[in-house]
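These notes concern the structure reproduced below.
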Amino acid sequence: MQFILVVLSVLFAFAAAAEEAVPPQAKPGCTDHCGNLIIPYPFGIEKDCYMSEDFSVRCNTSPEPPIATLGDGNIVITNISLAEGEMQIPQFVARDCYNSQGELSNFLTDLWVRPFTVSHTRNKFIAVGCDTSAAFIGYRADEQRLLTGCMSICDNRESVEQSCSGVGCCKSDIPIGLFNYTVRLDSYYNHTYVLEFNPCSYAFIVEKGKFTFSPNTSFQDLSNIEKLPMILNWEIGEVSCDEAQKKDDYACKANSKCVDRTISNDRSGYICQCLEGYQGNPYLPDG
């Protein structure tokens, strides 16, 4: 019995030491969680706990689990990555549906995320349907308007391909540096010839690897999916590392390095990363 107590004491000691060894993520005295979501500085919940208003997070504790949103808006945050300067958010799936009389029922989507940007490397624009024309319209900081999209046509379920290559499903890259976007859907024949198995078209921006098209299940599955995850980029300021290091408000602290983040052809910012062999929060003095 005494031996068991000794073993348990050692295990508890190791557990306590491991807990103490976890590097801080929030500023001292600040809340570092909203439910299961870690809120690392430069983000923060309380006043004086975030770097700027751009990084303010609201934690709604009424639901279970609690929900974190960006500022006072309705953008829900499901993950924040310090190392990559990324934020995962759920975003709506646009849909364009028809009945046997050709009547339209649709839900289109748009999103404004400035000063953050839609990640062009971590997301894809995808459209699903057999009578589908999908457009993605976005704007950069200089108000440059960019338009991309794809079309998907098929006559019957048997002709739908397994891959997302234009027959039942199509995809397109995301332009770099977009602060907002609008998704639009159109049909060529009101789904008249495919109504039996495909009355709706769907379009969405989705994090790579979070949606896999299947001709056997995707048409039905998407009718029950309201949102899918996508990735936003965030960065510090609007200058490069060389310029930022000359400023008093340079954000990268001890044992960290500055990494340039190209937002568009004429605009950049930076993020901080821990040096090799270190872990924690590179934005905190003792991180």
Side-chain angles (χ1 to χ4, degrees), residues 75-79 81 84 86-100 102 104-111 113 117-138 146-176 178 180-233:
I75 298 177
V76 174
I77 306 170
T78 49
N79 189 53
S81 169
E84 303 301 328
E86 294 176 348
M87 178 192 307
Q88 185 191 65
I89 67 171
Q91 205 27 236
F92 287 102
V93 173
R95 63 195 68 226
D96 181 47
C97 299
Y98 296 84
N99 60 22
S100 57
L104 169 67
S105 170
N106 65 5
F107 175 79
L108 306 182
T109 63
D110 55 20
L111 182 67
V113 296
T117 53
V118 179
S119 175
H120 68 288
T121 59
R122 299 272 278 116
N123 299 306
K124 278 286 188 180
F125 177 60
I126 294 178
V128 173
C130 279
D131 184 7
T132 304
S133 173
F136 172 88
I137 307 162
L146 299 172
L147 173 65
T148 186
C150 62
M151 61 181 290
S152 173
I153 300 293
C154 38
D155 292 329
N156 50 63
R157 191 188 296 273
E158 288 69 32
S159 67
V160 178
E161 298 179 354
Q162 292 287 337
S163 62
C164 191
S165 56
V167 183
C169 175
C170 63
K171 59 187 176 181
S172 177
D173 290 335
I174 305 293
I176 187 173
L178 297 184
N180 75 329
Y181 71 82
T182 301
V183 173
R184 292 286 180 262
L185 275 169
D186 286 303
S187 166
Y188 297 99
Y189 305 106
N190 295 350
H191 283 247
T192 301
Y193 304 110
V194 294
L195 193 64
E196 181 180 348
F197 71 96
N198 178 226
C200 299
S201 294
Y202 307 92
F204 44 88
I205 298 173
V206 64
E207 179 183 354
K208 290 181 180 178
K210 298 298 185 180
F211 174 80
T212 301
F213 176 72
S214 168
N216 298 320
T217 61
S218 289
F219 295 143
Q220 180 60 39
D221 289 348
L222 283 169
S223 67
N224 299 312
I225 295 176
E226 183 182 30
K227 296 180 180 180
L228 287 167
M230 63 173 286
I231 299 295
L232 302 182
N233 288 335

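Hydrogens, waters and symmetry mates play no part in the numbers below; they use all other heavy atoms, side chains included.
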| request: Begin from the C-alpha positions of E86 and E207 and carry the test side-chain contact (heavy atoms from CB on, under 4.5 Å) through to its verdict. | output: CA-CA 12 Å; E86 294 176 348; E207 179 183 354; over 6 Å; no
| By ring pair (Phe, Tyr, Trp, His ring centres under 6.0 Å) - contacts of F213 (at least two apart) | none
| said: So which atom in L178 and which in G138 form the shortest heavy-atom distance, rounded to 0.1 Å? | reply: CD2-C, 3.9 Å
| query | Going from OG1 on T121 to CG on D173, what distance comes out if it is rounded to the nearest 0.5 angstrom? | reply | 10.5 Å
| message | Show, in sequence, the C-alpha distance, side-chain angles and deciding distance for S201 and T132, and conclude whether the side chain to side chain donor-acceptor pair (under 3.5 Å) test is met. | response | CA-CA 6 Å; S201 294; T132 304; 2.5 Å; yes
| query | If you draw a 6.0 Å radius around OH in Y193, do more than 12 non-hydrogen atoms from other residues or ligands fall strictly inside? | reply | no
| Atom CZ of F136 and atom OG of S172: how far apart are they, to the nearest 0.5 Å? | 8.5 Å
| query | Do you know the tightest heavy-atom contact between V206 and L228? | reply | CG2-CB, 4.0 Å
| message | Using side-chain contact (heavy atoms from CB on, under 4.5 Å), reason through L108 and L185 one step at a time and then give a plain yes or no. | response | CA-CA 7 Å; L108 306 182; L185 275 169; 4.3 Å; yes
| message | Testing the basics here: between P90 and K227, what is the closest heavy-atom pair and its distance to 0.1 Å? | response | CB-CD, 4.0 Å
| said: SG to SG below 2.5 angstrom is the rule I want applied to C164 and C170. Does it hold? | reply: no
| field | Full working for side-chain contact (heavy atoms from CB on, under 4.5 Å) between V160 and F219 | value | CA-CA 11 Å; V160 178; F219 295 143; 4.3 Å; yes
| Distance (rounded to the nearest 0.5 Å) between R95 CZ and S105 OG | 9.0 Å
| field | Steps toward side-chain contact (heavy atoms from CB on, under 4.5 Å) verdict (N198, H191) | value | CA-CA 7 Å; N198 178 226; H191 283 247; 3.4 Å; yes
| query | What class does the angle between the rings of F211 and F204 fall in, given that below 30° is parallel, 30 to 60° is tilted and above 60° is perpendicular? | reply | perpendicular
| remark: Tightest non-hydrogen contact, residues A127 and A134, listed as CB-CB, 3.5 Å
| query | Would Y181 and F125 count as a close aromatic pair, with their ring centres under 6.0 Å? | reply | no
| query | So, for I77 and I89, which heavy atoms are closest and what is the spacing to 0.1 Å? | reply | CA-CG2, 4.4 Å
| field | Reported CD-to-OG1 distance for the pair Q91 and T109, which is rounded to 0.5 angstrom | value | 6.5 Å
| query | Looking only at atom types and distance, does a side-chain atom of S133 sit under 3.5 Å from a main-chain N or O of M151, one as donor and one as acceptor? | reply | no
| Contacts of D155 that satisfy salt bridge (Lys or Arg N to Asp or Glu O under 4.0 Å) - sequence neighbours left out | none
| task | Specify the closest pair of heavy atoms between I153 and D131, including all atoms of both residues, with the distance to one decimal. | result | CD1-CA, 4.1 Å
| said: Is any side-chain heavy atom of H120 closer than 4.5 Å to one of P175? | reply: no
| message | Rounded at 0.5 Å granularity, tell me how far CD1 in I205 sits from CD1 in I231. | response | 12.0 Å
| What residues, two or more places apart in sequence or in another chain, satisfy ring pair (Phe, Tyr, Trp, His ring centres under 6.0 Å) together with Y188? | none
| said: Treating N190 as the side-chain partner and T192 as the backbone partner, does any N or O pair qualify as donor plus acceptor under 3.5 Å? | reply: no
| query | Could you state the interatomic distance from CD1 (I174) to OG1 (T148), rounded to the nearest 0.5 Å? | reply | 7.5 Å
| Heavy atoms from other residues, nucleotides or ligands near NZ of K208 exceed 12 (cutoff 6.0 Å) | yes
